[in-house]
Participant: 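Got a structure for you, questions after.
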Amino acid sequence: MGYNVSIIKTASGRRQRFSEQDFIALAMKFPEWSYDSSSQTLLKKMGEGEGFWLDTSPLELTAKEPNDAQLQLMIEIAQALGGRVRGDELETYLTPTETYDHSDDEKLRRLAGSLGPQESFKYAKLVRRIQLAALILLALNFIAYVFNGVMK
């Protein structure tokens with residue numbers, strides 16, 4: 001399981017999308033980072049055999065249990081992308097040790113407050129599963145589209 005921290009973009013309480021071009025431009029701006037479109041990850045080499053990666057999706061870049069140095073990297077990336085860093089408890093990071101409640105997350109905080117901890121966890125897990133299912137359906141539609149184009 002672990003604690004997830006994500007880079008997100010919001011405006012007026014709504015999530016904004018990232019594009020693959022955002023990730024490619026980011027890797028060009030920060031040469032120590034590379035973007036792998038096949039695995040949908042941003043990778044920063046940290047030393048011999050070490051690295052830090054972010055899983056990417058159109059709605060967020062996610063790291064599991066980042067340390068303070070990795071959180072600082074995420075904050076820098078978020079600024080470059082016009083986004084912010086948010087933890088699983090809906091806290092937004094100014095620095096690795098300083099957080100605040102962002103106004104765009106008010107609805108989510110109210111929902112989380114109306115649910116107990118177990119229900120909040122189940123809800124977050126359900127939302128992630130729905131997002132994954134939607135991504136799989138999109139990929140299957142794309143494959144069907146390509147396949148139909150080849151068969152004509």
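The residues of the chain are indexed from 1 along the displayed sequence.
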Participant: With a 4.0 Å cut-off, would you call Asp105 and Arg15 a salt bridge?
Facilitator: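 Salt bridge flag = no for Arg15 with Asp105.
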
Participant: Give the minimum heavy-atom separation between Val85 and Ala78, together with the two atoms involved.
Facilitator: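 Looking at all heavy atoms of both residues, the closest pair is CG2-CB, 3.8 Å.
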
Participant: Atom CG in Asp36, atom CG in Leu43: separation rounded to 0.5 Å?
Facilitator: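 Between Asp36 CG and Leu43 CG, I get 8.5 Å after rounding to 0.5 Å.
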
Participant: Please check this pair: side chain of Ser37 against backbone of Gln40, looking for a donor-acceptor N/O pair closer than 3.5 Å.
Facilitator: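 Between the backbone of Gln40 and the side chain of Ser37 there is no qualifying donor-acceptor contact (under 3.5 Å).
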
Participant: For the residue pair Leu26 and Tyr35, establish whether any side-chain heavy-atom pair is separated by less than 4.5 Å.
Facilitator: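 They are not in side-chain contact.
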
Participant: Keeping Asp55 on the side-chain end and Thr41 on the backbone end, is there a donor-acceptor pair under 3.5 Å?
Facilitator: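 Here the side-chain-to-backbone pair does not exist.
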
Participant: Taking atom OH of Tyr100 as the centre, report whether more than 12 heavy atoms of other residues, nucleotides or ligands fall under 6.0 Å from it.
Facilitator: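 Atom OH in Tyr100 is crowded, with more than 12 foreign heavy atoms closer than 6.0 Å.
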
Participant: According to a 4.5 Å side-chain heavy-atom criterion applied to Ile, Leu, Val, Met, Phe, Trp and Tyr, with indirect links allowed, do Leu61 and Trp33 form part of one hydrophobic cluster?
Facilitator: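 Cluster IDs for Leu61 and Trp33 match.
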
Participant: Would you say the side chain of Glu60 lies within less than 4.5 Å of the side chain of Ile7, judging by non-hydrogen atoms?
Facilitator: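 With C-beta onward as the side chain, the pair stays apart.
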
Participant: Could you tell me whether the side chain of Arg14 reaches within less than 4.5 Å of the side chain of Ser12, counting heavy atoms only?
Facilitator: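 No; the side chains remain at least 4.5 Å from each other.
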
Participant: A side-chain contact here means heavy atoms from C-beta on lying under 4.5 Å apart; do Leu42 and Thr56 qualify?
Facilitator: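 Side chain of Leu42 against side chain of Thr56, heavy atoms only: contact under 4.5 Å found.
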
Participant: Identify the heavy atoms of Asp22 and Arg17 that sit nearest to each other, and give their distance.
Facilitator: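 Scanning both residues completely, I find the closest heavy atoms to be OD2-O, 4.3 Å.
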
Participant: Taking a hydrophobic cluster as the set of Ile, Leu, Val, Met, Phe, Trp and Tyr residues connected by side-chain heavy atoms closer than 4.5 Å, whether directly or through intermediates, do Leu135 and Val146 fall within one such cluster?
Facilitator: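 No, separate clusters.
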
Participant: Determine whether Ile8 and Tyr93 fall in the same hydrophobic cluster, where Ile, Leu, Val, Met, Phe, Trp and Tyr are linked whenever their side-chain heavy atoms lie under 4.5 Å apart.
Facilitator: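 In one cluster: no.
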
Participant: Is the closest side-chain donor-acceptor distance between Arg84 and Thr92 under 3.5 Å?
Facilitator: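 Indeed, the side chains of Arg84 and Thr92 share at least one donor-acceptor pair under 3.5 Å.
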
Participant: Within this structure, what is the CD1-CZ distance for the pair Ile136 and Arg129, rounded to the nearest 0.5 Å?
Facilitator: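 Taking CD1 in Ile136 and CZ in Arg129, the distance rounds to 11.5 Å.
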
Participant: Side chains of Gln79 and Ile75, heavy atoms from C-beta outward: is any pair under 4.5 Å?
Facilitator: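 Sidechains of Ile75 and Gln79: in contact.
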
Participant: To the nearest 0.5 Å, how far apart are CD in Glu76 and CG in Leu71?
Facilitator: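 Going from CD on Glu76 over to CG on Leu71, the span is 11.5 Å.
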
Participant: Determine, stepwise, if the pair Ile77 / Leu54 fulfils side chain to side chain contact (heavy atoms under 4.5 Å, CB included).
Facilitator: CA-CA 11 Å; Ile77 290 171; Leu54 296 167; 3.8 Å; yes

Participant: Do Arg86 and Leu90 touch side chain to side chain, with heavy atoms closer than 4.5 Å?
Facilitator: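 SC-SC contact between Arg86 and Leu90 confirmed.
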
Participant: Is the shortest heavy-atom distance from the side chain of Met74 to the side chain of Val5 under 4.5 Å?
Facilitator: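 Yes; the side chains approach each other to less than 4.5 Å.
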
Participant: Where the side chain of Ser57 meets the backbone of Leu59, is there a donor-acceptor pair that is under 3.5 Å apart?
Facilitator: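 Looks like yes, one N/O pair under 3.5 Å.
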
Participant: Report yes or no: does Glu91 contribute a side-chain atom to a donor-acceptor pair with the main-chain N or O of Glu89 at less than 3.5 Å?
Facilitator: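 Yes, Glu91 side chain to Glu89 backbone: donor-acceptor pair under 3.5 Å.
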
Participant: List the steps and the verdict of side chain to side chain contact (heavy atoms under 4.5 Å, CB included) for Met28 and Ile24.
Facilitator: CA-CA 6 Å; Met28 291 174 70; Ile24 292 168; 4.2 Å; yes

Participant: For Gly82 and Lys9, which heavy atoms make the closest approach, and how far apart are they?
Facilitator: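 Residues Gly82 and Lys9, closest heavy atoms: O-CG, 3.2 Å.
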
Participant: Are the side chain of Thr95 and the backbone N or O of Glu98 linked by a donor-acceptor pair below 3.5 Å?
Facilitator: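 Here the side-chain-to-backbone pair exists.
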
